[in-house]
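Computed from heavy atoms alone, side chains included, the values below leave out hydrogens, waters and symmetry copies. Numbers restart at 1 for each chain; the letters A, B, ... are given by sequence-line order, proteins then strands.
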Amino acid sequence: MHFASVIMRIREPKTTALIFASGKMVCIGAKSEQESKLSARKVFARIIQKLGFPAKFKDFKIHYLVALCDVKFTIRLEGLASSHGHFASYEPEIFPGMIYRMKQPKMVLIIFTSGKIVLTGAKVRDEIHAAVENIYPVACGFRRHKQ
Amino acid sequence: MEDYCSDCEKTTVVVLDHSSGDTICCECGLVLEARYIDETSEWRTFENDTNNSDPNRVGGPVNPLLAENGGGLVTLISKPSGVKSLGWNHVGSNKDPDSSLIQAFKSIAAMCDRLDLVATIKDLANEIYKKVADLKSTRGRNRDAFLAACLFVACKQEHKARTLKEIHSIANGATIKEIGRNTFFIEKQLKEIGESMETGASDAGDFMRRFCSRLGMNHQAIKAAQEAVQNSKELDIRRSPTSVAAAVIYMITQLSDDRQFLKDVATATAVAESTIRKSCKDLYPYASRLIPNWYAKDEDLKNLDTLCQ
């Protein structure tokens with residue numbers, strides 16, 4: 001009685017779908033936009049139709065893209081947090097990653113000391129590329145040099 | 001006294017005649033004001049009169065920055081004595097518009113007392129609360145956690161950081177996760193309204209003095225510990241600042257004559273024993289760089305080997 005949707009998981013492509021009584025469906029976990037559309041169709045086509053519902057596939061839209069990247073060097077988060085204080089939130093006691101709210105494009109990045117970065121909030125791939133273009137030189141400026 | 005005289009049509013010297021109450025222009029003799037309202041005090045205060053209540057003061061100190069509408073001054077209409085007060089109860093009960101604000105300030109003050117925090121931190125926490133609570137996006141939040149987070153942020157801004165666990169211990173049951181979440185929320189809100197926080201991340205150095213004095217370390221050891229923490233900043237240590245602080249303290253005390261037990265360091269810093277041991281293991285490879293030369297020589301560092309492996 002907690003959440004009013006069916007959670008369906010399929011193996012190929014490995015995705016999860018939330019199916020609501022209204023007929024709306026959310027598809028999560030695909031590795032690319034095409035894969036997401038394919039799995040939405042697959043979930044819909046194979047399964048719902050087979051169950052006998054008169055279903056149609058309409059209004060497919062990508063809402064969010066999440067990406068991971070690796071700059072391949074250690075980052076000094078404290079330095080980055082103090083110089084980009086307006087965008088960055090870093091509380092090592094609470095969470096080891098730094099939350100960087102980029103304004104252009106409007107996205108949220110979680111930056112870790114290891115150099116791995118999670119980018120989220122993008123609507124299209126180009127935004128992700130732009131965000132990486134913006135963050136890479138900044139991170140380079142706070143590279144931790146091996147001693 | 002100077003005032004504008006309509007006959008002379010310029011600002012002239014004006015004198016007040018107390019016997020008749022007239023305000024008279026010195027140049028033409030025109031009476032500008034026929035009545036004089038005496039604004040001196042209505043009571044007499046004598047030097048040897050030991051009266052605890054100072055008649056000059058009415059009410060407590062005003063907090064203009066924090067309470068709105070004229071600094072918390074409220075006017076209430078009292079019921080006339082001897083009259084049945086049935087109807088008066090519903091008439092214009094002046095609800096103090098700041099009552100929720102004052103309630104919050106009281107809670108913050110109570111929490112500060114528990115941690116023995118100075119008034120500057122308390123005032124800063126109040127300011128932060130006011131700034132963020134104004135935005136109304138704090139509706140669904142757990143009140144206690146939100147106030148605790150205000151305090152946490154205030155301590156950091158004053159460079160007198162309190163660890164999350166310390167704040168949690170006085171926060172009336174708010175979970176650490178909630179306090180953390182509220183801290184991020186507050187920081188985000190402050191940034192949006194343009195009050196940038198020049199704090200940066202939690203600094204292990206802020207905790208050192210407090211932890212060291214809790215353990216009763218001597219001055220040499222305290223100095224060495226502070227230096228060691230400064231040195232640790234350049235190194236790539238992926239541990240929470242409290243863990244790093246605790247581990248440094250443990251290592252420093254083990255090197256001196258007055259050794260502290262792992263248990264004591266753990267209770268003083270509120271860091272788990274196994275965390276301290278693991279952090280020591282991480283720090284050990286850099287021990288020679290961390291610990292200042294004047295405190296311990298390299299041979300002594302070998303003693304650490306047994307403890308940290």
Original post:
If you look at every heavy atom in Thr120(A) and Met107(A), which pair is closest and at what distance?
Top reply: O-CB, 3.6 Å
Subject >> Ser83(A) portion near chain B, given a 4.5 angstrom heavy-atom threshold >> reply: neither
Subject >> Side chain / backbone / both / neither for Ser89(A) at chain B, heavy atoms under 4.5 Å >> reply: both
Original post:
Which pair of heavy atoms, one from Pro92(A) and one from Ser240(B), lies closest together, and at what distance?
Top reply: O-CB, 4.4 Å
Original post:
Tell me, side chain or backbone of Arg76(A) under 4.5 Å from chain B's heavy atoms, or both, or neither?
Top reply: neither
Subject >> Contacting moiety of Lys233(B), where chain A heavy atoms sit under 4.5 Å >> reply: both
Original post:
Looking at Lys130(B) and Glu127(B), does any basic side-chain N land under 4.0 Å from a carboxylate oxygen?
Top reply: no
**OP:** Give the intermediate values and the outcome of side-chain contact (heavy atoms from CB on, under 4.5 Å) for residues Ile75(A) and Thr113(A).
**Re:** CA-CA 5 Å; Ile75(A) 306 176; Thr113(A) 310; 5.7 Å; no
**OP:** Let me see the working for Leu283(B) and Arg239(B) under side-chain contact (heavy atoms from CB on, under 4.5 Å), right down to the final yes or no.
**Re:** CA-CA 10 Å; Leu283(B) 287 175; Arg239(B) 291 261 162 210; over 6 Å; no
**OP:** Spell out the residues in residues 11-42 of chain A that have some non-hydrogen atom less than 4.5 Å away from a non-hydrogen atom of chain B, in order of number; otherwise answer 'none'.
**Re:** none
Original post:
Can you tell if the side chain of Phe152(B) reaches within under 4.5 Å of the side chain of Ile186(B), non-hydrogen atoms only?
Top reply: no
Original post:
From Lys165(B) NZ over to Ile179(B) CD1, what is the distance, rounded to the nearest 0.5 angstrom?
Top reply: 12.5 Å
Original post:
Non-hydrogen atoms of chain A under 4.5 Å away: do they reach the side chain of Thr163(B), the backbone, both or neither?
Top reply: both
Original post:
What part of Ile99(A) lies closer than 4.5 angstrom to a heavy atom of chain B: side chain, backbone, both or neither?
Top reply: side chain
Subject >> Non-neighbouring partners of Phe53(A) that pass ring pair (Phe, Tyr, Trp, His ring centres under 6.0 Å), sequence neighbours left out >> reply: none
Original post:
Picking from Glu78(A), Glu93(A), Glu91(A), what satisfies side chain to side chain contact (heavy atoms under 4.5 Å, CB included) with Pro241(B)?
Top reply: Glu93(A)
